[in-house]
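Presented below is the structure to which this report refers.
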Number of protein chains: 2
Amino acid sequence: MQDDDKKNDPSVDFGVLNEFLGYRLRRAQMNFFTKFNDVCSDLGISPGLFAVLAIVERNPGLTQTAVAQALGNDRSAMVAAVDKLEGKNLLERRPAKNDRRSYALFMTDEGQVFFKTLCDRVTAYENQMAKRLQNEDEKRWLLDILERLAE
Amino acid sequence: MQDDDKKNDPSVDFGVLNEFLGYRLRRAQMNFFTKFNDVCSDLGISPGLFAVLAIVERNPGLTQTAVAQALGNDRSAMVAAVDKLEGKNLLERRPAKNDRRSYALFMTDEGQVFFKTLCDRVTAYENQMAKRLQNEDEKRWLLDILERLAE
DNA sequence: TATTGTTATACTCTATAACTATA
DNA sequence: TATAGTTATAGAGTATAACAATA
């Protein structure tokens with residue numbers, strides 16, 4: 001492979017795929033997913049675990065179900081996620097005050113420090129990717145569009 | 001749930017997640033994925049299978065490995081995919097001319113008709129989603145940005 | 001009756017390694 | 001040696017159903 005790049009093979013016609021937002025979103029998201037893992041997998045943090053940490057950090061005391069609803073996945077998936085994060089001593093379950101069925105989730109001190117490291121790494125590669133946008137306004141606009149397409 | 005919508009619960013602060021393209025891309029893509037399945041799952045076609053059909057339709061005779069490379073996934077994943085699509089009589093493996101190791105993939109006549117139905121359905125919901133964009137120029141621009149973010 | 005966390009389970013998607021038959 | 005298709009396998013991610021404790 002001297003000069004040509006098979007990933008951009010011009011001999012393959014993508015047809016309607018190139019016109020479909022769904023496909024283009026998937027390819028872009030897969031790329032971000034891969035880069036996230038390049039940057040964070042040595043810390044044992046996947047994009048999904050990062051999202052849980054981000055929610056708990058900004059909303060201490062939320063229940064597992066509340067976090068699951070915020071992130072748009074099933075509450076049963078939270079068990080393994082919180083188990084992992086608690087096992088790494090990044091957050092902890094505390095008994096909820098007025099409901100003995102549920103736990104309230106909080107970050108540990110160690111979790112706070114760890115999350116800052118994570119954010120620095122993720123922010124660095126996010127900024128790297130954002131350089132492909134023209135300017136800050138364009139990023140704002142893209143984030144706004146993506147939010148509208150997520151409902 | 002009378003007037004309020006838990007999916008947009010204003011009491012949950014998403015913090016940095018709202019600023020990260022990776023997270024916003026994922027949420028938007030998940031939404032498209034769900035809607036795709038709403039529209040096509042009765043036909044037994046997932047987004048991944050649709051992509052294979054789209055590539056073969058526009059590039060008859062490609063090998064399995066070439067399709068896998070175009071779509072950015074491993075060639076081992078193509079086996080089950082092509083098995084399914086061949087089982088539905090939508091495409092077929094033919095012995096490649098100059099290489100007895102590989103198959104060339106072609107759409108069947110039934111596949112051609114079926115793919116048109118699929119495209120109609122997917123295009124309909126794509127257009128529905130595109131209404132959230134201002135105009136055709138904005139969609140062009142978004143597709144262009146997504147392509148740049150996919151590398 | 002309904003809800004929380006949990007478990008068991010299953011299904012999809014994806015990637016890796018090894019095998020075979022070819023090149 | 002290298003490559004195409006295949007197989008086995010394993011790891012995520014995700015969803016459903018059911019259960020015990022609690023509301």
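The chains referred to below are lettered A, B, ... by the order of the sequence lines, with proteins before strands, and numbering in each begins at 1. Since the model is a prediction, treat every value here as computed from it, not as a measurement.
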### Query
Salt-bridged, B:Arg140 to A:Glu19, with N to O below 4.0 Å?
yes
### Short side-chain donor-acceptor distance under 3.5 Å, A:Arg75 and A:Gln69
no
### Query
Does OP1 or OP2 of D:dT6 have a side-chain N or O of B:Arg93 closer than 4.0 Å?
yes
### Query
Does a salt bridge link A:Arg24 with B:Asp144, judged by any charged N lying under 4.0 Å from a carboxylate O?
no
### Task
State which of D:dA15, D:dG13, D:dG5 makes the closest approach to the side chain of B:Ser102.
D:dG5
### Query
Atom CG of A:Asn37 and atom P of D:dG13: how far apart are they, to the nearest Å?
8 Å
### Task
Answer whether the closest heavy-atom distance between the side chains of A:Met30 and B:Arg26 falls below 4.5 Å.
no
### Query
Taking atom P of D:dT6 as reference, at what distance in whole Å does atom CG of B:Asn73 sit?
15 Å
### Residues B:Arg94 and B:Glu92 bridged, charged N to O under 4.0 Å
yes
#### Entry: Atom-pair distance (CZ on A:Phe36; C1' on D:dA12), nearest Å
14 Å
### Nearest-angstrom distance from the residue atom CG of B:Asp83 to P of D:dT6
7 Å
### Query
Closer to the 5' end of DNA chain D via nearest nucleotide, is it A:Gly48 or A:Arg101?
A:Gly48
### Message
Strictly by salt bridge (charged side-chain N to carboxylate O under 4.0 Å, His left out), give each pair with a member in residues 120-139 of chain A just once, sequence neighbours left out.
### Response
A:Asp42-A:Arg121
### Query
Any side-chain N or O of A:Arg100 under 4.0 Å from OP1/OP2 of D:dA23?
yes
### Query
What residues form a ring-ring contact (aromatic ring centres under 6.0 Å, His included) with A:Phe114, not counting sequence neighbours?
none
#### Entry: Value in whole Å for how far the P atom of D:dT14 lies from CG of A:Leu49
10 Å
### Task
Return the value, rounded to whole Å, for the distance between atom CZ of B:Arg94 and atom C1' of D:dG5.
18 Å
### Query
Within the pair B:Ser76 and D:dT7, is there a side-chain N or O less than 4.0 Å away from OP1 or OP2?
no
### Task
Heavy atoms of chain A, cut-off under 4.0 Å: which first and last nucleotide of DNA chain C, 5' to 3', fall inside that, if you could look?
C:dA2 to C:dT14
### Task
Tell me what B:Asp99 touches on the nucleic acid: a base, only sugar-phosphate, or nothing, going by heavy atoms under 4.0 Å.
sugar-phosphate
### Summary
Nearest-nucleotide check on DNA chain C, A:Thr65 vs A:Arg26; residue mapping nearer the 5' end is A:Thr65
### Query
Of B:Phe33 and A:Ala77, whose nearest nucleotide on DNA chain C comes first from the 5' end?
A:Ala77
### Message
I want to verify a distance call: between D:dG5, D:dA15, D:dA18, whose nearest atom is closest to the B:Gln64 side chain?
### Response
D:dG5
### Task
Mind calculating the distance between CG (B:Asp74) and C1' (D:dT7) to the nearest angstrom?
13 Å
